[in-house]
Number of protein chains: 2
Amino acid sequence: MGEDKKTEEVILEAAKTVFIRKGMDGARMQEIADEAGINKALLHYYFRSKQKLFDAVFSMVLRSTFNEMREIFSGEFSVEQAVRKFADSYINTLIQNPYIPEFVIHELNKDVEALQLLVSKNLPDITPFLQVIEKEIAEGKIRKMDPRQLLMNTISLCIFPFVGRPIITTILFEGDSNAFYQTMERRKSDVADFILNSIKK
Amino acid sequence: MGEDKKTEEVILEAAKTVFIRKGMDGARMQEIADEAGINKALLHYYFRSKQKLFDAVFSMVLRSTFNEMREIFSGEFSVEQAVRKFADSYINTLIQNPYIPEFVIHELNKDVEALQLLVSKNLPDITPFLQVIEKEIAEGKIRKMDPRQLLMNTISLCIFPFVGRPIITTILFEGDSNAFYQTMERRKSDVADFILNSIKK
DNA sequence: GTCTATACGCAGATAGAC
DNA sequence: GTCTATCTGCGTATAGAC
């Protein structure tokens, strides 16, 4: 039983790696089996079908992706704290896992309906944070603006460079991948400064 | 011969629609044939293979996508002009074609090598604009910052909401698609204001 | 639980009539 | 140039031995 569980986890890890790189449609069960060091039949023994294996991986990825967000936008932090925390935490995670956002987005784009349920369970409720923004605007701490636009800006600035990494690396860093990642390291504070500079009165 | 060309264009349009929604791997030749109102065999008669048909569509999409960018970042506009032009022009285009960025990004992520040549021919050279930014910093018109970060910010803020549209619509607009698009209309000026507010001294 | 061998269906590609 | 019918290979899934 201890052994069983271990195999299952090895499969999930391998499937995660392959699905994230190739997507559901592009991934091959053979490739996942190779990555896990086992054979195709065993994948079906544990997960019955490619679709079920994918669902397991996808829900795993969603959970870990949005957990951080849930805490940061829970409403217990000020706008400045949340913006700095979000930039630092997400850009750090994305430097380690640059393929995840594009993967999630691609799968959601393909089939919004089917995954809506799965997603709604995992997506954080950000209304508390929108209220914090409104409160700080009312108090005159930050300039007047649509709270949703501010939140969208924060998310966009942190995540997009990784989603568009191939293009950005080509267009802005002449294909030099190291230069890209070094800029991302600095970006953790640069982005926060950029946002806070814009919203201060 | 006039008839021939028309069929070819009908196929290209249909292929574009299907490829953009489903991606290369998810698209089916049968679906493209249906969309074009013809049969599979004719697709092969005109384009020999799915791959060649895809390449034709992809290079078409790349060209139209980056043409606007080339002009805006040519160096003939000031930072403020370029930012306002870019936000207005790209958000307008994306309201009409919201699936294009995710499509391009997904295909590039899957196979960076193979498409590198295709891409490098289409990607604009943005160094002139980076120099404009540096010049305006030197002149004290805008605050000191990494020109690449500013350009990345501008691109991120305009494009990301469309790439992440399914998630953003769910998380920020309770699934109300109209609310999303109305916010994007306002975003054309909001984003420009947000950026210019942040960089002014 | 893990393997090898095999069934089966789907989707890309071709043959050949009109 | 456009169609119907068919081939072929690949990839998911299953059967069955160990």
Side-chain angles (χ1 to χ4, degrees), chain A residues 1-61 103 106-107 109-111 114-115 118, chain B residues 1-61 103 106-107 109-111 114-115 118:
Chain A
M1 189 88 173
E3 274 303 304
D4 300 4
K5 201 152 200 178
K6 206 168 167 199
T7 302
E8 195 171 322
E9 273 166 30
V10 169
I11 292 175
L12 276 173
E13 269 315 299
K16 186 177 160 186
T17 305
V18 176
F19 277 133
I20 285 178
R21 281 308 313 269
K22 304 290 182 75
M24 167 67 182
D25 294 329
R28 295 289 161 258
M29 293 296 265
Q30 184 60 58
E31 201 178 345
I32 295 173
D34 292 347
E35 177 80 24
I38 55 168
N39 60 34
K40 283 193 293 179
L42 211 51
L43 297 180
H44 286 92
Y45 175 80
Y46 277 95
F47 290 92
R48 280 191 60 89
S49 73
K50 183 184 181 184
Q51 187 62 51
K52 287 195 200 310
L53 176 55
F54 174 81
D55 290 347
V57 168
F58 196 67
S59 106
M60 203 169 73
V61 170
F103 165 67
H106 176 69
E107 298 301 333
N109 258 330
K110 267 192 347 191
D111 195 351
L115 296 168
L118 194 61
Chain B
M1 189 88 174
E3 275 304 303
D4 300 4
K5 202 151 198 180
K6 207 170 168 196
T7 302
E8 195 170 322
E9 275 166 29
V10 169
I11 292 175
L12 276 173
E13 270 313 301
K16 186 177 161 188
T17 304
V18 175
F19 277 132
I20 285 178
R21 280 309 311 270
K22 304 289 183 75
M24 167 66 181
D25 294 329
R28 296 289 161 258
M29 293 296 264
Q30 184 60 59
E31 201 179 345
I32 296 173
D34 292 346
E35 177 79 24
I38 55 169
N39 60 33
K40 284 193 297 178
L42 210 52
L43 296 180
H44 286 92
Y45 175 80
Y46 277 95
F47 290 92
R48 282 189 59 88
S49 73
K50 183 184 181 184
Q51 187 63 51
K52 287 195 200 311
L53 176 55
F54 173 81
D55 290 347
V57 167
F58 196 67
S59 107
M60 204 169 72
V61 170
F103 165 66
H106 176 71
E107 298 303 333
N109 258 330
K110 267 191 349 192
D111 195 351
L115 296 168
L118 194 61

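Note that the structure is predicted; figures quoted are calculated from it, not measured. Proteins get letters first, then strands, A, B, ... in listed order; numbering begins at 1 in each.
- The salt bridge (charged side-chain N to carboxylate O under 4.0 Å, His left out) with E31(A) is formed by just one residue from the set K22(A), R21(A), K40(A); it is K22(A).
- When side chains are defined from C-beta on, K50(B) counts as touching R28(B), because their heavy atoms get closer than 4.5 Å.
- E35(A) meets the salt bridge (Lys or Arg N to Asp or Glu O under 4.0 Å) test with no other residue; sequence neighbours excluded.
- Going from atom CD of Q30(A) over to atom C1' of dC10(D) covers 11 Å, rounded to whole Å.
- At the phosphate of dA13(C), OP1 or OP2 sits under 4.0 Å from a side-chain N or O atom of H44(B).
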Mind listing the N/O atom pairs, protein and nucleotides 9-11 of chain C, below 3.5 Å?
from: dA11(C); atom 1: OP1; to: R28(B); atom 2: NE; distance (Å): 3.3
from: dA11(C); atom 1: O5'; to: R28(B); atom 2: NE; distance (Å): 3.4

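- We find that K110(A) and D25(A) are joined by a salt bridge, their nearest charged nitrogen and carboxylate oxygen being less than 4.0 Å apart.
- Comparing atom distances between the T7(B) side chain and each of dA13(C), dT2(D), dG1(C) picks out dT2(D) as nearest.
- Atom CG of D34(B) and atom P of dG12(C) are 12 Å apart (whole Å).
- Across every non-hydrogen atom of I11(B) and L53(B), the tightest pair is CG2-CD1, 4.1 Å.
- Atom CZ in F47(B) sits about 16 Å away from atom C1' in dT2(D), given to the nearest Å.
- Taking atom CG of D25(B) as the reference point, atom P of dG12(C) lies 11 Å away to the nearest angstrom.
- In this structure, L43(B) CG and Q30(B) CD are separated by 8.5 Å, a value rounded to the nearest 0.5 Å.
- The CG atom of N39(B) lies 11.0 Å from the CE atom of M29(B); values are rounded to the nearest 0.5 Å.
- The distance between atom CG of L42(A) and atom P of dT2(C), rounded to the nearest whole Å, is 5 Å.
- Distance E31(B) CD to dG12(C) C1': 15 Å, rounded to the nearest Å.
- In this structure, the CG atom of N39(A) is 4 Å from the P atom of dC3(C), given to the nearest Å.
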Between protein and nucleotides 16-18 of chain C, what N or O pairs are separated by less than 3.5 Å?
none

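- Between Y46(B) and dT2(D), a side-chain N or O to OP1/OP2 separation shorter than 4.0 Å is present.
- The ring of F54(B) has its center no closer than 6.0 angstrom to the ring center of F47(B).
- In this structure, Y45(A) atom OH and dA5(C) atom P are separated by 21 Å, rounded to whole Å.
- A donor-acceptor pair is defined here as one N or O able to donate and one able to accept, closer than 3.5 Å; no such pair exists between the side chain of E8(B) and the backbone of Y46(B).
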